[in-house]
Amino acid sequence: MCGIFGCILRTGEAASTIHEGLKKLEYRGYDSVGIATLQGSQLFIKKDSGKIDSVHAIHNLEALPGRLGIGHTRWATHGAPYKENAHPHTDCNNQVAVVHNGIIENFAELKTELEESGHVFRSKTDTEVIPHLIEEKLKEGLSLVDAVREAVKRLEGSYAIAVISVKEPNRIICARKESPLVLGIADDSLYVASDIPAFLSKTNKSVIVQDGELVVLSDKGYEIRNVIDWKLVTREPEVIDWAPEMAAKQGYPHFMLKEIHEQPLRLRDTLRLQDKYLELMTTFLDRAGEVFLVACGTSYHACLAASYLFSKLSFLATHPVIASEFVEQHGKSVNIDSLLLVVSQSGETADTLDAVESARLRAATILGLTNVVGSTLTRVARVYIVQQSGPEIGVAATKTFTSQLSVLSQLAIRLAKKRGKVSHVEIEELEENLERIPDIVEGIISGSEEKVKQLAKKYRDRCCFFFLGRGMGSAVAQEGKLKLMEISYIPSLAYPAGESKHGPISLIESGFPVVFVCPKDSTHKSIIGNIMEMKARGASIIAIIEKGDEEIKKLADDYIEIDTKLPEVLSPIPFVIPLQLLAYYMALERKCDPDMPRNLAKSVTVK
Ligand code: AGP
């Protein structure tokens with residue numbers, strides 16, 4: 001889950017552009033960073049372990065000559081986050097430099113083979129086999145592009161690579177299999193990157209590189225070929241309607257806070273999706289024999305909430321499934337009547353794509369909900385919707401979660417309408433309330449932020465948190481738990497509140513913080529009972545409640561009151577906002593970086 005970047009400039013030095021591009025990709029991994037440039041027939045490399053800013057402060061990553069170069073920001077998979085494992089990796093004579101995102105599954109046998117023929121390895125990474133394989137082919141007299149082609153033919157696993165060499169100092173060779181790779185096309189420069197935000201400030205014209213393709217970037221432009229049959233592929237650039245400032249902090253201290261505050265705007269955009277795709281998806285859902293809602297992490301929590309939605313509104317039973325367990329749990333029972341509604345903001349999560357591949361092989365129908373145009377999910381789905389949240393840079397998903405919930409709600413309402421399970425009046429009310437959500441969220445952010453800040457300060461030293469909810473509130477509780485854990489590193493548990501008395505309650509002692517998600521819905525009475533149970537054991541009750549909920553106000557030690565007056569099926573969007581803010585301010589209180597939490601990366605492209 002690294003970020004790779006490369007560029008060829010007509011004029012000027014490439015290093016500063018590469019540095020800037022890597023900064024835009026740092027959410028993909030921040031264990032180490034490195035840049036390689038070419039000038040004349042000399043290769044210049046700077047790399048070290050650590051975040052980009054700290055490495056730049058020591059090494060000045062912009063002080064490398066040459067108008068062409070590549071760079072990498074790393075999320076360690078093979079080899080600890082030390083300098084020697086930082087990319088770019090080179091061959092024995094430092095004539096070939098490679099940056100790579102992905103995992104080379106057969107690197108061990110390739111390494112043995114190369115070491116037996118005299119190659120010396122400097123790192124513990126899987127990636128380093130690539131420059132040595134290329135070196136072998138160059139020694140046989142092949143051109144750089146042919147050498148890269150032969151090298152990638154030997155690789156098993158996933159890769160997006162960019163290669164430069166003193167042998168042919170005016171070109172960059174890139175190739176892709178599974179890991180994402182996009183080109184940026186400008187009048188006076190060319191870019192290659194793991195993600196569009198990396199070059200968005202330079203151009204909004206992009207070309208998606210597909211699996212099994214190899215690209216040559218040179219002053220003449222870009223040339224795409226299939227690695228296997230070497231056929232030329234013509235593909236015109238697409239214009240990306242993301243404004244460059246969407247990938248910047250716009251005055252906020254962190255991307256996460258900016259993205260939390262962006263939600264009203266993005267939720268309005270999510271209400272303007274193309275009708276025909278929503279209708280098409282609804283038809284597929286209506287006809288399906290069985291429906292699986294498949295995703296990872298936060299996207300899975302959106303699926304969990306949606307499973308209640310589809311049942312309550314459209315009388316459609318669905319199976320929310322954690323993608324990495326899909327094959328084991330359902331792999332054998334999937335068939336031509338099965339439908340997978342697959343949710344992934346990045347559209348590149350390897351576990352999710354793996355589940356899709358296993359289901360596709362059994363003729364299941366794949367529907368996709370993603371935030372990234374041109375992502376792999378958009379290419380494997382029969383029908384897909386791009387949720388219009390704009391680029392999400394903060395590793396912790398926030399705005400993409402609420403947009404996913406909005407799209408899934410729209411689908412459930414349409415299906416209810418199609419199936420005539422809910423009266424026209426109710427449908428209209430639901431649609432009107434859906435339209436009210438952006439303003440409601442705006443009010444919650446401005447109305448609760450200060451109070452949440454105080455709560456974070458009050459509870460910052462607690463060593464564990466519980467998040468409890470019932471019905472759709474239990475999906476929100478799961479998401480609140482994940483947000484707090486992933487950015488403030490506080491061990492946290494979430495349960496359907498009813499389940500807590502079957503074991504977890506044994507953890508409760510005086511002052512143990514329990515966060516309750518309490519929409520005023522059919523579960524309200526029962527959740528009061530659960531609050532009493534926890535309170536009886538000395539827990540500190542923190543309740544997210546609807547405005548005017550005096551019953552729970554009296555019981556809670558602290559509460560966040562939100563004004564929604566929404567039907568229960570639409571409650572997850574507003575009720576998650578205070579939990580996003582709690583995680584953010586708790587991270588600040590505990591001096592953690594909300595944008596780049598340790599050990600995590602934005603898009604998990606390895607299994
Ligand atoms: C959420 O904050 C995390 N970044 C992570 O759990 C994420 O939701 C998960 O990796 C799924 O990502 P996707 O939506 O891009 O597939």
Side-chain angles (χ1 to χ4, degrees), residues 1 3 26-30 75 178-180 194-197 254-257 259-260 263 293-306 320-326 340-356 366 368-378 380-381 384-387 389-405 407-408 467 475-476 478-489 492 494 576-577 579-584 586-587 592-607:
M1 292 159 298
E26 200 168 18
Y27 59 92
R28 302 179 61 85
Y30 25 88
W75 193 87
E178 291 184 19
S179 300
S194 297
D195 207 346
I196 292 165
H254 298 100
F255 280 109
M256 184 178 179
L257 189 63
E259 286 153 6
I260 289 173
Q263 292 181 102
L293 307 175
V294 180
C296 298
T298 289
S299 297
Y300 168 72
H301 297 148
C303 291
L304 194 55
V321 187
I322 291 176
S324 53
E325 284 303 314
F326 181 82
L340 275 65
L341 175 45
V342 179
V343 180
S344 170
Q345 87 83 22
S346 62
E348 300 292 353
T349 300
D351 288 331
T352 304
L353 296 175
D354 201 42
V356 168
I366 310 294
L369 171 55
T370 183
N371 187 40
V372 179
V373 179
S375 60
T376 304
L377 179 55
T378 62
V380 294
Y384 66 86
I385 285 176
V386 177
Q387 62 189 61
S389 303
E392 186 172 65
I393 311 291
V395 168
T398 53
K399 62 177 181 175
T400 52
F401 178 60
T402 50
S403 292
Q404 285 164 348
L405 289 170
V407 178
L408 294 163
F467 288 79
V476 175
Q478 292 286 352
E479 180 55 12
K481 166 212 72 185
L482 177 61
K483 288 282 102 51
L484 190 73
M485 255 193 334
E486 70 176 314
I487 64 167
S488 72
Y489 318 144
S492 303
V576 80
I577 306 295
L579 302 182
Q580 295 171 341
L581 289 166
L582 179 66
Y584 174 77
M586 191 66 88
C592 308
D593 181 339
D595 280 350
M596 292 194 268
R598 69 186 184 204
N599 304 340
L600 288 179
K602 184 68 186 165
S603 166
V604 185
T605 51
V606 291
K607 279 176 233 168

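Counting starts at 1 for both ligands and their atoms, following the listed order.
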Residue and atom name of the nearest protein heavy atom (relative to atom 14 (O) of ligand 1), distance in Å to one decimal
Ser299 OG, 2.5 Å

Is Val372 close to Glu348 at the side-chain level, that is, under 4.5 Å between some pair of heavy atoms?
no

Which residue holds the protein heavy atom closest to atom 15 (O) of ligand 1, what is that atom called, and what is the gap in Å?
Ser346 OG, 2.6 Å

Test your reading of the model: is there a side-chain donor-acceptor pair from Asn371 to the backbone of Pro391, 3.5 Å cut-off?
no

Find all atoms of ligand 1 within a distance of less than 4.0 Å from any non-hydrogen atom belonging to Ala397, and give their numbers and elements.
1 (C), 2 (O)

Closest protein heavy atom (residue, atom, distance) for atom 12 (O) of ligand 1
Thr349 OG1, 3.5 Å

Quick one: nearest non-hydrogen protein atom to atom 11 (C) of ligand 1, plus distance?
Cys296 O, 3.4 Å

Check ligand 1 against Ala396 and write out every atom of the ligand that is under 4.0 Å from a heavy-atom position of the residue.
2 (O)

Polar side-chain atom of Lys483 near backbone of Ser488 as donor-acceptor pair, under 3.5 Å
no

Quick one: does Glu392's side chain have a donor or acceptor within less than 3.5 Å of a partner on Glu259's backbone?
no

Is the closest side-chain donor-acceptor distance between Gln345 and Ser299 under 3.5 Å?
no

For ligand 1, is Lys483 a contact, meaning one of its heavy atoms is under 4.0 Å away?
yes

Thr298 contact mode with ligand 1 (heavy-atom cut-off under 4.0 Å)
both

Looking only at side-chain N and O atoms, does Thr402 offer a donor or acceptor that is under 3.5 Å from a partner on Gln263?
yes

Would you say the side-chain atoms of Tyr30 pair up with the backbone N or O of Leu600, donor to acceptor, closer than 3.5 Å?
yes

Distance-only, no hydrogens or angles: does the Tyr489 side chain make a donor-acceptor pair with backbone N or O of Cys592 under 3.5 Å?
no

Hey, is ligand 1 close enough to Val343 that some N/O pair sits below 3.5 Å?
no

Identity and distance of the protein heavy atom lying nearest atom 4 (N) of ligand 1:
Val395 O, 2.8 Å

Looking at atom 10 (O) of ligand 1, what's its closest protein heavy atom, distance included?
Val604 CG2, 3.8 Å

Return the closest protein heavy atom for atom 6 (O) of ligand 1 as residue, atom name and distance.
Gly297 CA, 3.3 Å

Please work out, at 4.0 Å between heavy atoms, whether the side chain, the backbone, both, or neither of Glu486 comes within that distance of ligand 1.
side chain

Between Tyr27 and Asp195, is any side-chain donor less than 3.5 angstrom from a side-chain acceptor?
yes

